[in-house]
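Structure, as structure tokens:
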Amino acid sequence: MIQSALLCGVIFTVCAYVEVLGVRSSGQDLGTSSAPMRALAEVGGVGFLGLLIDIGALVSLFACTLACITAAARVLLLMSHGGLTHGSLRVTHARNETPGRAVIVTGIAAVLPVAVLAARGARDLMYMAGWELSALTASSWPTD
């Protein structure tokens, strides 16, 4: 178990170091670059990979968001069974036993802050993600 964590840490460190060196050698600033991997693909002469990298990042972000919504829905289901949230969140699908109502509630909780901030003119993704994480974390704290 510890070997896999160490291996992942080494791979991450090497990849981060290569990315920093690559962006620095291209004359760009890593802190202000909106798509550093795409820029590295252009510098490396394989610009067509930049689009594939962007698509891979999009799929990865979608999968991570879906996993977080699913996990939060299951927490809501358990909280409902314990009497901490509304009883209607206790309902599961008859055949699949998935918490459909809880998934809808957590999906709305994930999208609503970002939609409100975008409607108010916020364009910074990290700003919106910070507000969303703060709201979701605060909503999961016990009230006792």
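The structure displayed is predicted, hence computed values, not measured ones.
- A distance of 10.5 Å separates OG1 of Thr106 from CZ of Arg74, quoted to the nearest 0.5 Å.
- Hydrophobic clustering (side-chain heavy atoms under 4.5 Å, transitive across Ile, Leu, Val, Met, Phe, Trp, Tyr) groups Val18 together with Val10.
- Expressed to the nearest 0.5 Å, how far CD1 of Ile69 lies from CD1 of Ile108 amounts to 10.5 Å.
- Note that the CG atom of Leu21 and the CG atom of Leu40 stand 10.0 Å from one another [nearest 0.5 Å].
- Heavy atoms from other residues, nucleotides or ligands lying under 6.0 Å from NE2 of His86 number 12 at most.
- Legend: side chain to side chain donor-acceptor pair (under 3.5 Å) pairs involving residues 11-20, not counting sequence neighbours: none detected.
- Leu77 is not connected to Val91 by any chain of hydrophobic side-chain contacts under 4.5 Å among Ile, Leu, Val, Met, Phe, Trp and Tyr, and they are in different clusters.
- When hydrophobic clusters are built by joining Ile, Leu, Val, Met, Phe, Trp and Tyr residues whose side-chain heavy atoms come closer than 4.5 Å, directly or via intermediates, Val111 is not grouped with Val103.
- Here the CG atom belonging to Asp54 is positioned 11.0 Å from the CG atom belonging to Leu49, to the nearest 0.5 angstrom.
- Shortest non-hydrogen contact noted between Ala41 and Gly50 is CB-N, 3.8 Å.
- Here CG of Leu89 is found 11.5 Å from CG of Leu78. Values are rounded to the nearest 0.5 Å.
- Remark: the backbone N or O of Gly56 is not paired with any side-chain donor or acceptor of Ser60 at under 3.5 angstrom.
- At distances below 3.5 Å, at least one donor-acceptor pair connects side-chain atoms of Ser80 with backbone N or O atoms of Arg90.
- Among residues at least two apart or in separate chains, there is no side chain to side chain donor-acceptor pair (under 3.5 Å) pair with a member in residues 40-49.
- Hydrophobic clustering (ILVMFWY, side-chain heavy atoms < 4.5 Å, transitive): Val43 and Ile53 are in distinct clusters.
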